[in-house]
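Below is one structure, written out as structure tokens; the observations come after it.
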Protein chains: 2
Amino acid sequence: MITNMNKFKNILKQKNIKPTYHRLKILEYIVENMGTHPTAEMIYDALKGEIPTISMTTVYNTMNSFLDKGLVTPVIITGTEVRYDYNKSHHHHLQCRKCGKIFDIDIECPLALGKKKFINGHRIEEVHGYFKGICKNCLKSKKE
Amino acid sequence: MITNMNKFKNILKQKNIKPTYHRLKILEYIVENMGTHPTAEMIYDALKGEIPTISMTTVYNTMNSFLDKGLVTPVIITGTEVRYDYNKSHHHHLQCRKCGKIFDIDIECPLALGKKKFINGHRIEEVHGYFKGICKNCLKSKKE
DNA sequence: TTCATATTTGTAATCATTATAAATCTGTAA
DNA sequence: TTACAGATTTATAATGATTACAAATATGAA
Ligand SMILES: [Mn+2]
Ligand SMILES: [Mn+2]
Ligand SMILES: [Zn+2]
Ligand SMILES: [Zn+2]
């Protein structure tokens, strides 16, 4: 849709990122697949069909500029790979130890409420929380 | 102290880990430097003076068996390195964006209370939380 | 002492990510 | 339109933490 592409174009312009074709397609992908919290590789694999010449470096470059401009945030759970989150609302995550998928968890975290700026004398700037367990899908799939 | 070494020996025996010299010295180091949440490299650097032949592989092997046996837990914040925590009580962490140090934060996290076993249909097995900010030491050191 | 087994070591491999420099694209001045 | 400076993309090499592997060494029971 041309209207959607205009939407993405505006998002990039608002963040002072030049809306190139690659950046638009990458943005489109992460917006429409927000719930998957994709890795760089997942983005690359999803786009290389439509853009056969795209390179991993471009994905990394793009995601790093998105990170710099605050368009996405990194989700770090395993330590083996960065996953990107377009959802900027404050929320937590759950990673399933069966399927590895990462889910958004919308619970009100008392610690995240903007109240306390200091804990134990340290200044708090960011609050992060995540769970590990078994996702609802894997629970359905029978045996533990 | 020989008494301390016996203490460490017993800790390893209780976990079914053979108390070799290397393992005892590594355990001693992480217990006495619990608050630093050391990396494999920090452990290696601290011990190579006393044990010149020690290798990084041994540190990794040892920490992996400590992890397997639940003697330590991994602290993953940056995604660039694993830090090890001997403190098994449930607690959170703060990493200072100035000095990079990791501090224990002992706050009662309502989410961590063993109550809820399920959230949004997912089974919760672990609750992790951490903060980013400026530690109290770096706050004292004048300019932001 | 002897031998099987576990531990430690040095080195190579892996994997995600970054660095680098060449190739390509884009927008604008002439 | 053409030419060109600057930005973007690409291919490739480098990096750094961790693991894989196989040889060397230590341990400890027979
Ligand atoms: Mn999310
Ligand atoms: Mn800790
Ligand atoms: Zn699952
Ligand atoms: Zn600090």
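So that the names make sense, note that chain A is the first sequence line, chain B the second, and so on, each numbered from 1.
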### Message
If I take atom CD1 from residue A:Ile105 and atom CD1 from residue B:Ile119, how far apart are they, to the nearest 0.5 angstrom?
### Response
6.0 Å
### Task
Whole angstrom is fine here: how far is it from NE2 in A:His22 over to C1' in D:dA7?
13 Å
### Separation of D:dT18 P from B:Phe66 CZ (nearest whole Å)
16 Å
### Task
Please answer: with hydrophobic residues joined when any side-chain heavy atoms are less than 4.5 Å apart, are B:Met42 and B:Leu27 in the same cluster?
no
## Note on the structure
Rounding to 0.5 Å, atoms CE (A:Met56) and NZ (A:Lys48) come to a distance of 9.5 Å
### Task
Could you tell me whether the phosphate oxygens of D:dT8, OP1 or OP2, come under 4.0 Å of any side-chain nitrogen or oxygen in A:Thr20?
no
### Task
Summarise protein proximity over nucleotides 19-30 of chain D in one line of letters, 5' to 3': B for base, S for sugar-phosphate only, - for none, counting protein heavy atoms closer than 4.0 Å.
BB----------
### Message
If hydrophobic clusters are built by linking Ile, Leu, Val, Met, Phe, Trp and Tyr wherever their side-chain heavy atoms come under 4.5 Å apart, do A:Leu12 and A:Val59 end up in the same one?
### Response
yes
### Query
the helix from C:dT1-D:dA30 to C:dA30-D:dT1: angle between its terminal axes, five pairs each, to 10°?
0°
### Message
Over 60° means perpendicular and under 30° means parallel, so tell me whether A:Tyr130 and B:Tyr130 are parallel, tilted or perpendicular.
### Response
perpendicular
#### Entry: Rounded distance in Å - CZ (A:Arg23) to P (D:dA7)
11 Å
### Query
Got a sec? Which of residues 46-55 of chain A come in under 4.0 Å of DNA chain D, heavy atoms?
A:Thr53, A:Ile54, A:Ser55
### Task
Give, for atom NE2 of A:His122 and atom CG of B:Leu94, the distance between the pair rounded to the nearest 0.5 Å.
5.5 Å
### Query
How about B:Lys136: does its NZ atom have over 12 heavy atoms from other parts shown lying under 6.0 Å from it?
no
### Task
Determine whether more than 12 heavy atoms belonging to other residues, nucleotides or ligands lie under 6.0 Å from atom NZ of A:Lys9.
no
### Message
Expressed as a whole number of angstroms, how long is the span from B:Arg83:CZ to D:dG16:P?
### Response
17 Å
### Message
Taking any atom closer than 4.0 angstrom to a non-hydrogen atom of chain A, what span of DNA chain C does the protein reach, first nucleotide to last?
### Response
C:dA16 to C:dA19
### Query
Looking at CG of B:Asp85 and CD1 of B:Ile76, how far apart are the two atoms once the value is rounded to the nearest 0.5 Å?
12.0 Å
### Query
After noting the C-alpha distance and the side-chain angles of A:Lys88 and A:His90, does the key distance pass the side-chain contact (heavy atoms from CB on, under 4.5 Å) rule?
CA-CA 6 Å; A:Lys88 269 97 61 194; A:His90 198 283; over 6 Å; no
### Summary
Quick note, ring pair (Phe, Tyr, Trp, His ring centres under 6.0 Å) partners involving residues 21-43 of chain B, not counting sequence neighbours, are B:His37-B:His93
### Task
Kindly work out whether a path of hydrophobic side-chain contacts (I/L/V/M/F/W/Y, heavy atoms less than 4.5 Å apart) joins B:Phe131 to B:Ile102.
no
#### Entry: Nearest-Å distance for atom pair OH/C1', residues B:Tyr44 and D:dT18
15 Å
### Query
So with a 6.0 Å cut-off around NZ of A:Lys132, is the heavy-atom count from everything else above 12?
yes
### Message
Grouping I, L, V, M, F, W and Y whenever their side-chain heavy atoms are under 4.5 Å apart, do B:Val72 and B:Tyr44 come out in a common cluster?
### Response
yes
### Query
About how many Å separate CD of B:Gln95 and CD of A:Glu126, when rounded to the nearest 0.5 Å?
10.5 Å
### Message
A cation-pi test, strictly: NZ or CZ of A:Lys69 under 6.0 Å from the centre of the six-membered ring of A:Phe66 and no more than 45 degrees from its axis. Yes or no?
### Response
no
### Query
Quick one, which residues of residues 36-43 of chain B touch DNA chain D with a heavy atom under 4.0 Å?
none
